[in-house]
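Below is one structure, written out as structure tokens, with a few remarks after it.
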Amino acid sequence: MANYWLCKQEPSTYNIDKLQKEKTTTWDGVHNNLALKYINQMKKGDLALFYHSGDEKQIVGIMQIISDAYPNPKEKNKRYVVVDVKYKKRLNRPVTLDEIKGNRMFADWELVRISRLSVMPVSSKIWSEIIRISQK
């Protein structure tokens, strides 16, 4: 069974348009210990929400994890790991952080509690609610 994740990126650095055009990319640049722990738990076949951080603060699409975690070849320290991802689809409409914060179902989610965390797990209940909201 696939697990669900959320991965944040500043859209001026890398965004859903670029991923859709390139089809695949390596999700790198993560140095936070907890985020690295989560990347290490990702498995090929898992799904991830693509979150535009910065000024946008919204979930915009879905990616598929297409590799298990492996050491970042651009880093000397092998604890910095990456995964490869593939564009899956855009959400019908973005789901904003304000909408998420306004829904009590999300109160304990890392996206609300640990705002600086760039990679985090998503429960199947939260995943389903995000998809439901995006279809309104």
Side-chain angles (χ1 to χ4, degrees):
M1 188 170 117
N3 291 309
Y4 300 115
W5 306 95
L6 179 136
C7 299
K8 290 182 181 179
Q9 184 57 263
E10 175 68 49
S12 62
T13 303
Y14 195 84
N15 58 50
I16 192 78
D17 294 331
K18 194 163 185 177
L19 178 59
Q20 185 175 8
K21 183 180 176 190
E22 294 176 350
K23 300 194 182 5
T24 65
T25 194
T26 299
W27 204 266
D28 61 3
V30 177
H31 292 115
N32 174 279
N33 287 330
L34 185 54
L36 287 167
K37 175 185 167 193
Y38 291 143
I39 288 179
N40 270 307
Q41 293 173 7
M42 290 178 168
K43 299 292 180 217
K44 185 177 180 180
D46 288 353
L47 295 174
L49 297 168
F50 193 137
Y51 181 94
H52 281 179
S53 59
D55 292 338
E56 288 190 28
K57 294 181 178 66
Q58 60 187 1
I59 300 170
V60 295
I62 299 174
M63 311 179 288
Q64 183 166 26
I65 310 302
I66 57 172
S67 74
D68 290 347
Y70 61 93
N72 186 342
K74 299 177 187 172
E75 301 265 6
K76 288 183 177 156
N77 190 331
K78 296 296 181 203
R79 74 189 261 308
Y80 297 130
V81 293
V82 298
V83 290
D84 296 326
V85 300
K86 173 175 81 172
Y87 174 83
K88 196 90 167 126
K89 69 179 214 169
R90 288 177 184 272
L91 294 183
N92 288 352
R93 73 163 184 85
V95 178
T96 68
L97 182 59
D98 286 341
E99 286 178 284
I100 291 164
K101 286 182 173 180
N103 184 328
R104 282 192 273 157
M105 175 188 278
F106 302 123
D108 293 329
W109 189 20
E110 284 92 337
L111 184 62
V112 174
R113 294 185 310 103
I114 313 171
S115 63
R116 305 274 307 149
L117 191 61
S118 63
V119 176
M120 64 196 67
V122 178
S123 70
S124 58
K125 185 176 175 183
I126 287 176
W127 181 276
S128 296
E129 182 68 0
I130 293 291
I131 301 304
R132 187 189 72 74
I133 293 169
S134 77
Q135 293 172 343
K136 284 183 177 178

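Residue indices begin at 1 and follow the sequence shown.
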Hey, does [Y] have a side-chain heavy atom less than 4.5 Å from the side chain of [X]?
X: R79; Y: L36; answer: yes
X: T25; Y: V85; answer: yes
X: V82; Y: W27; answer: no
X: Q58; Y: V95; answer: no
X: S115; Y: K57; answer: no

Distance flag, aromatic centroids of W5 and F50, threshold under 6.0 Å: no
Nearest-0.5 Å distance that lies between atom [atom1] in [X] and atom [atom2] in [Y]:
X: M105; Y: I126; atom1: CE; atom2: CD1; value: 7.5 Å
X: L19; Y: Q9; atom1: CG; atom2: CD; value: 11.0 Å
X: F106; Y: I133; atom1: CZ; atom2: CD1; value: 4.0 Å
X: K88; Y: L47; atom1: NZ; atom2: CG; value: 6.5 Å
X: K78; Y: Y70; atom1: NZ; atom2: OH; value: 11.5 Å
X: T24; Y: Q64; atom1: OG1; atom2: CD; value: 12.0 Å

Does any pair with a residue in [range] pass salt bridge (charged side-chain N to carboxylate O under 4.0 Å, His left out), and if so which ones, sequence neighbours excluded?
range: residues 92-112; answer: R93-E99
range: residues 17-35; answer: D17-R90, D28-K74
range: residues 119-133; answer: E129-R132

Result of checking L49, I59, L111 against K8 for side-chain contact (heavy atoms from CB on, under 4.5 Å):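 For K8, the side-chain contact (heavy atoms from CB on, under 4.5 Å) check succeeds only for L111.
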Residue of the set I62, V60, I16 for which side-chain contact (heavy atoms from CB on, under 4.5 Å) holds with L91: I62
Restricting to non-hydrogen atoms, name the atom on [X] and the atom on [Y] that form the minimum distance, rounded to 0.1 Å.
X: C7; Y: A48; answer: SG-CB, 4.1 Å
X: P121; Y: W109; answer: O-NE1, 3.1 Å
X: P11; Y: S53; answer: CD-O, 3.3 Å

Indicate, with yes or no, if [Y] and [X] share a hydrophobic cluster defined by side-chain heavy-atom contacts under 4.5 Å among Ile, Leu, Val, Met, Phe, Trp and Tyr.
X: I39; Y: I114; answer: yes
X: W127; Y: I130; answer: yes
X: L117; Y: V112; answer: yes

Heavy-atom neighbours of N77 CG exceed 12 at 6.0 Å: yes
S123 and Y4: CA distance, side-chain angles, deciding distance, side-chain contact (heavy atoms from CB on, under 4.5 Å) verdict: CA-CA 7 Å; S123 70; Y4 300 115; over 6 Å; no
E75 versus H31, side-chain donor and acceptor atoms under 3.5 Å: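 Judged by distance alone, the side chains do pair up.
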Any side-chain donor near an acceptor of the partner, N92 and S134, under 3.5 Å: no
